[in-house]
Enquirer: 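Sharing a structure with you now.
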There are 2 protein chains.
Amino acid sequence: MDLYQIRYFLTIAELGSFTKAADQLFISQPSLSVGIKKLEQELGISLFERRGRGVLLTPAGQVFQEKAQGIVAQYQAVRQDLEQFKEHPTLRVGTLHSIRGYNLAQLIGAFHAEYPNVTIELHNGYLQELQDWLDQGKVDVSMTWLQEQDDSNTSQLLFHQPLTLAVPESHTFARLRSVKLTDLDGQPYIARLNCEFWRSYPKLFESAGIEPQIVYSSTNEEWVISLIRAGMGMSIMPIWTDLECITYVPMLDLSLSRAIGLKWRSQQAFEAVAWFREFAMAHDWQV
Amino acid sequence: MDLYQIRYFLTIAELGSFTKAADQLFISQPSLSVGIKKLEQELGISLFERRGRGVLLTPAGQVFQEKAQGIVAQYQAVRQDLEQFKEHPTLRVGTLHSIRGYNLAQLIGAFHAEYPNVTIELHNGYLQELQDWLDQGKVDVSMTWLQEQDDSNTSQLLFHQPLTLAVPESHTFARLRSVKLTDLDGQPYIARLNCEFWRSYPKLFESAGIEPQIVYSSTNEEWVISLIRAGMGMSIMPIWTDLECITYVPMLDLSLSRAIGLKWRSQQAFEAVAWFREFAMAHDWQV
DNA sequence: CACCAGCTATAGACACTGTCTATCAAGGGT
DNA sequence: ACCCTTGATAGACAGTGTCTATAGCTGGTG
């Protein structure tokens with residue numbers, strides 16, 4: 001059962017005649033006879049009742065007609081969907097949880113203004129999730145933390161984001177120009193569990209001979225910020241611009257910084273990815 | 001875009017590999033490469049992202065996958081529907097309005113007992129409608145009034161049905177052995193508008209020099225019966241067995257009778273029609 | 001860094017089959 | 001009884017889907 005046979009069948013059924021259908025389909029009448037005969041043999045049931053003048057659908061033929069129309073409709077629908085996609089492609093962007101929505105919103109907004117036909121789907125996830133999604137094709141490009149081993153063929157740097165100490169603006173640290181690691185000893189500390197550096201913190205604290213007091217830990221950046229703002233503690237974190245009631249204090253003996261950039265798949269041919277990369281590179285990142 | 005290409009596409013998409021799909025489909029891997037390439041060219045968009053290790057669906061490919069599954073499902077559905085039809089064919093029987101359901105119910109019931117897999121659809125209609133439905137293939141066989149010109153290739157007689165006078169059992173006529181046409185003069189008469197003889201009645205009455213009083217006319221046989229039963233009048237009509245409160249009185253000088261039989265199309269190959277014809281012939285018709 | 005294993009793309013040959021022309025057989029209408 | 005129309009059949013041909021052989025590419029490995 002092939003598409004051409006269904007097209008033939010439907011035309012014959014509609015016109016009630018092999019000859020007329022042959023004219024309309026721009027093929028010869030014997031081609032129709034053979035095609036329908038094969039279809040009937042394959043289905044094991046007669047679809048047309050041959051009469052002296054034209055043909056008539058058998059009961060089975062009428063059953064077949066209804067469904068066949070649905071099949072042809074779906075063929076047309078899938079073509080239409082793909083045309084729709086070509087006109088309005090959907091770019092799926094993976095974004096790291098610890099990148100603030102605010103930064104991204106500016107980029108997405110500007111991109112959409114320049115490429116209004118591209119729909120952007122944001123998929124928020126953790127570092128490993130983003131990599132998996134990229135590998136599995138669930139996202140087309142990711143804005144994520146770049147590591148040294150990342151190839152320039154599959155990634156590009158956007159900006160460096162320093163990690164400094166965030167304290168409530170009411171805290172005594174907020175008036176200092178800088179602090180040292182040892183100053184953190186005994187201070188209430190809020191652990192950011194999703195931070196890529198989190199695993200290295202115990203060693204860091206140990207080597208400095210300090211022991212901050214972990215009062216809270218959270219996987220949610222926004223909650224961490226709320227906790228700091230409420231005066232519950234402090235945390236080493238990327239600088240998020242325009243956060244009220246929070247002050248960032250540089251750390252003299254610690255220069256943590258993470259590289260944020262785009263990652264994609266090497267063989268990726270989706271043109272919207274190229275547009276997005278180019279656009280993100282040209283974007284003025286205020287970090 | 002052909003069915004085989006869709007099948008290929010779906011298998012590759014599922015397994016994420018041309019080679020594995022080729023093994024599963026029992027074809028060679030180059031056949032898949034060529035087939036998918038043609039599909040992509042026809043659709044004008046890339047469906048797979050070729051990577052060193054297997055392939056991945058592009059965004060467009062994912063769009064296509066969803067719809068393609070629907071198409072394959074419909075192919076399977078139409079086959080299943082036809083298998084269903086072969087097992088449980090539907091025989092569409094046209095029946096004349098003026099044939100009482102009761103008579104037919106016996107036949108249908110007995111037929112269904114012998115052919116339990118055949119579903120019967122009854123289509124009630126007037127003489128001309130039945131002929132049209134038969135010609136248009138909307139019914140497969142009709143139980144209807146046979147006329148002289150009907151060919152034995154497309155019709156067969158079931159029984160003759162005499163038309164006699166039906167009167168309320170309380171009427172004085174009900175005690176008579178027979179009546180004559182002239183006895184109808186001035187009597188309240190109920191006209192059966194769907195009767196095939198209706199057009200000949202005025203001439204009939206005129207030639208007998210009588211003028212019955214047409215008190216009601218109806219296209220609905222059941223209503224006519226109800227009216228007679230209620231004592232509103234009498235009517236010449238086919239004998240319907242076991243009607244309570246109604247008496248049939250033979251008419252001495254009128255022998256109307258209609259031939260009831262089956263009609264079908266000459267090239268009709270639907271086997272259920274042959275079964276029904278055979279069964280109806282063997283049926284014991286109590287008229 | 002070169003090698004190997006695994007995967008897809010390409011090229012050319014072949015076989016299948018959908019289509020064509022020519023013709024036949026059957027029904028319907030005059 | 002004749003003719004016209006319609007669908008079925010036969011045989012030739014062309015288009016194409018599939019095959020084998022092979023090249024090109026990628027990713028992992030010693």
Side-chain angles (χ1 to χ4, degrees), chain A residues 1-9 11-42 46-58 61 131 134-135 149-154 264-269, chain B residues 1-9 11-42 46-58 61 131 134-135 149-154 264-269:
Chain A
M1 178 162 45
D2 245 338
L3 180 60
Y4 82 97
Q5 290 172 308
I6 294 180
R7 283 206 346 266
Y8 290 178
F9 167 83
T11 308
I12 296 169
E14 187 187 347
L15 299 177
S17 158
F18 278 57
T19 308
K20 287 177 188 165
D23 290 343
Q24 183 166 317
L25 291 166
F26 296 106
I27 59 168
S28 69
Q29 168 265 313
S31 301
L32 284 182
S33 288
V34 175
I36 296 299
K37 187 180 180 182
K38 288 199 170 185
L39 181 61
E40 290 178 325
Q41 283 176 343
E42 182 186 345
S46 177
L47 298 173
F48 290 108
E49 196 178 299
R50 276 72 167 175
R51 320 175 75 186
R53 225 77 181 164
V55 294
L56 212 57
L57 282 174
T58 61
Q131 189 60 50
L134 210 53
D135 291 341
Q149 71 264 24
D150 282 322
D151 191 354
S152 66
N153 288 330
T154 59
W264 59 89
R265 289 185 299 274
S266 57
Q267 305 297 98
Q268 174 67 274
Chain B
M1 178 163 45
D2 247 337
L3 180 60
Y4 81 96
Q5 290 173 309
I6 294 180
R7 284 206 345 268
Y8 290 179
F9 167 84
T11 308
I12 297 168
E14 187 187 347
L15 299 178
S17 157
F18 278 56
T19 307
K20 287 177 187 164
D23 289 343
Q24 183 166 319
L25 291 166
F26 298 107
I27 59 169
S28 70
Q29 166 266 316
S31 302
L32 284 183
S33 289
V34 175
I36 296 300
K37 186 180 180 182
K38 286 199 171 184
L39 181 60
E40 289 178 325
Q41 282 175 346
E42 182 186 345
S46 177
L47 297 173
F48 289 108
E49 196 178 297
R50 277 73 167 175
R51 319 176 72 186
R53 226 79 181 161
V55 293
L56 212 56
L57 281 174
T58 60
Q131 188 60 50
L134 211 53
D135 292 340
Q149 71 264 26
D150 282 323
D151 191 354
S152 67
N153 288 329
T154 60
W264 59 88
R265 290 185 297 276
S266 57
Q267 305 298 98
Q268 174 66 275

Enquirer: Could you please name the option among dG7(D), dT9(D), dG28(C) that lies closest to any side-chain atom of Lys37(A)?
Expert: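 For Lys37(A), the side-chain atoms sit closest to dT9(D).
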
Enquirer: So, do Asp135(B) and Arg51(A) sit near enough that their side-chain heavy atoms are less than 4.5 Å apart?
Expert: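 Heavy-atom side-chain distance check passes, below 4.5 Å.
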
Enquirer: In whole Å, I'd like the distance from the CG atom of Asp135(B) to the P atom of dG28(C).
Expert: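 That distance rounds to 11 Å.
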
Enquirer: In Å and rounded to the nearest 0.5 Å, what is the CD to CZ distance from Glu49(A) to Arg265(B)?
Expert: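 Spacing of CD (Glu49(A)) from CZ (Arg265(B)) equals 4.0 Å.
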
Enquirer: Nearest whole angstrom, please: distance from the P of dT6(D) to the CZ of Phe18(A).
Expert: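 It works out to 13 Å between those atoms.
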
Enquirer: Does any part of the side chain of Phe9(B), heavy atoms only, come nearer than 4.5 Å to the side chain of Leu57(B), both counted from C-beta?
Expert: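 Sidechains of Phe9(B) and Leu57(B): in contact.
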
Enquirer: Does Thr19(B) place a side-chain N or O at less than 4.0 Å from the phosphate oxygens OP1/OP2 of dT8(C)?
Expert: yes

Enquirer: Any side-chain N or O of Ser17(A) less than 4.0 Å from the OP1 or OP2 oxygen of dG7(D)?
Expert: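 It does, given that an N or O in the side chain of Ser17(A) lies less than 4.0 Å from OP1 or OP2 of dG7(D).
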
Enquirer: Has Lys20(A) got a side-chain N or O lying under 4.0 Å from the OP1 or OP2 atom of dT5(D)?
Expert: no

Enquirer: What is the distance, to the nearest angstrom, from the CD atom on Glu42(A) to the P atom on dG18(C)?
Expert: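 Atom CD in Glu42(A) sits about 10 Å away from atom P in dG18(C).
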
Enquirer: Take the protein atom CZ of Arg265(A) and the nucleotide atom C1' of dT26(D), then report the distance between them rounded to whole Å.
Expert: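 To the nearest whole Å, that distance equals 16 Å.
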
Enquirer: Rounded to the Å, how far apart are Glu49(B) CD and dT26(D) C1'?
Expert: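 Rounded to whole Å, this separation is 14 Å.
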
Enquirer: Starting at CZ of Arg53(B) and ending at C1' of dG6(C), how long is that distance when rounded to a whole Å?
Expert: 5 Å

Enquirer: If every non-hydrogen atom of Thr11(B) is compared with every non-hydrogen atom of Gln24(B), which pair is closest and at what distance?
Expert: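 Smallest heavy-atom distance, with atoms named: CG2-NE2, 4.1 Å.
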
Enquirer: With respect to the phosphate group of dA8(D), does any side-chain polar atom (N or O) of Arg50(A) fall under 4.0 Å of OP1 or OP2?
Expert: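 Arg50(A) to dA8(D) OP1/OP2: side-chain N or O found under 4.0 Å.
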
Enquirer: Over how many whole Å does the gap from Leu56(B) atom CG to dT26(D) atom C1' extend?
Expert: 15 Å

Enquirer: Report the distance from atom CG of Asp23(B) to atom P of dT8(C), rounded to the nearest whole Å.
Expert: 10 Å

Enquirer: Sugar-phosphate atoms are those with a prime plus P, OP1 and OP2; base atoms are the rest. Using that split, label each nucleotide of nucleotides 15-21 of chain D B, S or - for protein heavy atoms under 4.0 Å, 5' to 3'.
Expert: -SSSBBB

Enquirer: Compare every heavy atom of Ala22(A) with every heavy atom of Ser28(A), then report the nearest pair and how far apart it is.
Expert: C-CB, 3.8 Å

Enquirer: Measuring from atom CD1 of Ile36(B) to atom CZ of Phe48(B), what distance do you get when rounded to the nearest 0.5 angstrom?
Expert: 5.0 Å

Enquirer: What pair of heavy atoms forms the shortest contact from Met1(B) to Leu3(A), and how long is it?
Expert: O-CD2, 3.5 Å

